[in-house]
2 protein chains.
Amino acid sequence: MVNLDLNKLPVARADMVVNPCAACSVRDLSICSVLDEDELQQMSEIAANLQFSPHDPIIDEGEAADFLFNVTGGTVRLYKLLPDGRRQITGFLTNGDFLGIALNDNYTYSAEAVDQVNVCRFPRKKLESLLDQYPHLEKRLLGVASNELVQAQDQMMLLGRKTAKEKIVSFLLSLSKRQTAIGRAASPVALPMSRSDIADYLGLTTETVSRTFSLLKRDQSIRIQEGGMVALPDIDHLTELADGY
Amino acid sequence: MVNLDLNKLPVARADMVVNPCAACSVRDLSICSVLDEDELQQMSEIAANLQFSPHDPIIDEGEAADFLFNVTGGTVRLYKLLPDGRRQITGFLTNGDFLGIALNDNYTYSAEAVDQVNVCRFPRKKLESLLDQYPHLEKRLLGVASNELVQAQDQMMLLGRKTAKEKIVSFLLSLSKRQTAIGRAASPVALPMSRSDIADYLGLTTETVSRTFSLLKRDQSIRIQEGGMVALPDIDHLTELADGY
DNA sequence: CGGTGCATTGATCAGAATCAATGATCGTGG
DNA sequence: CCACGATCATTGATTCTGATCAATGCACCG
């Protein structure tokens with residue numbers, strides 16, 4: 001039976017009662033993809049499904065890192081704050097992304113729901129003992145961490161050396177790539193997060209983000225569609241813009 | 001027997017012939033700290049000791065990732081380039097640091113020797129099979145990756161949201177912390193890298209780095225000693241400066 | 001002694017931040 | 001259903017931090 005958390009409304013679906021993970025829509029994307037049926041059953045026994053609404057805190061920097069998460073729907077922002085309130089968003093998590101890979105005693109960053117978010121929550125200790133039991137799960141986690149490191153290095157290049165225009169274009173392309181990775185079209189791209197989220201992710205201000213979008217619209221590099229979707233008419237061209245050719 | 005590489009002069013010491021790793025000066029700092037004597041022997045059998053002089057390339061972005069490394073002496077810079085030559089240094093590695101944790105088929109960054117560097121080189125495939133054999137080694141690697149992620153997030157905050165002064169002070173403090181982690185005094189701090197390395201690590205120019213050092217000297221926040229060592233007279237004060245209190 | 005590379009300092013410039021106003025969107029309640 | 005307020009996005013005017021351009025200083029080395 002799934003460990004229901006009554007503080008947050010759990011996602012209740014009929015198929016979950018038997019083995020919720022078996023029916024998980026993001027299984028192939030997540031660390032769970034390496035598990036067989038029995039192992040999946042064990043995962044489901046320690047997992048709780050939770051839902052968060054926009055702006056809900058999911059974890060807070062500094063608090064005890066008692067839980068790890070898998071994002072099963074929506075978008076999550078990870079961020080750190082300076083004492084005076086300056087914010088750096090270190091990443092946006094979506095379908096299948098793993099949250100809490102840093103195995104410290106306390107979280108070193110905060111996480112909030114950007115839109116309606118579903119997560120699968122694991123008690124850290126129980127997940128760790130599963131990791132000991134299943135080296136291939138640990139190996140998968142190492143792979144995930146390694147990918148995140150590669151992304152982090154790209155983001156450092158972006159933050160340290162790219163212009164505002166290059167930052168915005170790189171950001172749109174990374175969203176596009178993520179969409180293709182989960183089998184969706186490269187364009188148009190969904191932007192669930194606000195201008196200020198984008199600004200704090202790219203080391204800019206909201207005004208500069210807005211101006212740069214206007215600029216890109218003006219020279220036809222992007223088109224804004226209904227529902228805030230952004231069409232990328234010429235990905236090759238954008239790819240060159242992103243690296244400042 | 002150690003697998004000698006004749007292109008680069010290996011470090012040859014008498015104790016290496018039997019089991020070089022047993023006498024390794026950075027063993028306790030490196031991933032090898034979790035290995036027992038037999039396991040260490042196996043590591044030594046796949047390891048090659050290499051030396052690099054300042055500016056020597058160690059790995060090149062894009063080339064096949066056939067080797068992983070442990071830094072056993074000196075300082076290594078990791079960096080990425082944009083087509084027009086802009087450079088972002090993503091990290092400096094020293095004693096005990098592991099190089100190549102991103103297990104992609106090709107390196108996603110380049111590495112060069114800053115000063116005289118010693119490394120311990122492992123063929124990737126052989127190391128991977130050792131990882132399969134020893135889950136605790138894999139676990140240790142996951143821990144290393146996790147630490148690097150935490151550091152990467154701090155660096156994103158630095159690059160995206162800190163002022164030049166905060167960046168320089170944060171940098172000096174991180175060097176100081178690293179020194180204490182290997183049992184040395186917190187101050188003075190050694191700066192083996194050039195102004196331009198520091199600039200490319202912090203998302204600044206050499207001129208701004210130089211000016212900011214002068215500024216910090218003027219208000220007595222730092223003192224330059226012989227040999228380019230930097231004394232940090234009041235670490236608490238610097239810690240506040242670093243986060244913009 | 002002169003040359004080369006690196007660091008420092010100064011003068012000016014520019015890209016993005018800040019300050020400020022207006023516009024668009026959305027949810028809520030009269 | 002529309003009006004109001006709140007929040008977010010856009011655009012404009014101005015400022016400022018750090019980049020760029022330029023010159024000088026300094027140390028190491030042949």
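So you know, we letter chains A, B, ... as the sequences are listed, proteins then strands, and number each from 1.
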- Query: Does dA16(C) have OP1 or OP2 sitting under 4.0 Å from an N or O in the side chain of R211(A)?
  - Reply: no
- Residues D200(B), R86(B): salt bridge by 4.0 Å N-O rule: no
- Message: Do F92(A) and M193(A) make a side-chain contact, defined as non-hydrogen atoms from C-beta onward lying under 4.5 Å apart?
- Response: yes
- Nearest-Å distance for atom pair CG/P, residues L215(A) and dG12(D): 13 Å
- Can you tell me if the side-chain N/O atoms of S194(B) get under 4.0 Å from OP1 or OP2 in dC6(C)? no
- Given DNA chain D, 5'-ward residue of the pair R161(A) and R218(A), judged by closest heavy atom: R218(A)
- Query: If you measure from the Lys or Arg side-chain nitrogens to the Asp or Glu carboxylate oxygens, is any gap between D243(A) and K162(A) under 4.0 Å?
  - Reply: yes
- Query: The side chain of E207(A) lies closest to which of these nucleotides: dT20(D), dA20(C), dA16(C)?
  - Reply: dA20(C)
- Query: Are T208(A) and dA16(C) close enough that a side-chain N or O sits under 4.0 Å from OP1 or OP2?
  - Reply: no
- Query: Do F171(B) and Y201(B) have ring centres separated by under 6.0 Å?
  - Reply: yes
- Message: How many whole angstroms separate atom CD of E166(A) from atom P of dG15(C)?
- Response: 12 Å
- Message: Can you see if the side chain of S210(A) gets near the phosphate of dT11(D) - specifically, an N or O under 4.0 Å from OP1 or OP2?
- Response: no
- Message: Over all strands shown, is G203(A) touching base, sugar-phosphate only, or nothing at heavy-atom distances under 4.0 angstrom?
- Response: sugar-phosphate
- Message: Could you tell me how far apart K162(B) (NZ) and dT17(D) (C1') are, to the nearest whole angstrom?
- Response: 18 Å
- Query: When we call it a touch if two heavy atoms are under 4.0 Å apart, what does T206(A) touch: a base, just sugar-phosphate, or nothing?
  - Reply: nothing
- Note on the structure: Here the distance between atom C1' of dT10(D) and atom CD1 of I198(A), to the nearest Å, is 14 Å
- Task: By nearest nucleotide on DNA chain C, pick out whichever of S196(B) and V209(A) is the more 5' one.
- Result: S196(B)
- Message: If I take atom CD1 in residue I168(B) and atom P in nucleotide dA7(C), what distance separates them, rounded to the nearest angstrom?
- Response: 12 Å
- To the side chain of L204(A), which of dA16(C), dG12(D), dG18(D) is closest? dA16(C)
- In whole Å, what is the span from the CD atom of E226(B) to the C1' atom of dC28(D)? 18 Å
- Validate the cation-pi geometry between R121(B) and F67(B): distance from NZ or CZ to the six-membered ring centre under 6.0 Å, angle to the ring axis within 45°. yes
- Nucleotide dA17(C), atom C1' - distance to CZ of R195(A) in whole Å: 18 Å
- Query: Can a side chain N or O of T205(A) be found less than 4.0 Å away from OP1 or OP2 on dA17(C)?
  - Reply: yes
- Query: Tell me: NE2 of H55(A) to C1' of dG27(C), nearest whole Å?
  - Reply: 14 Å
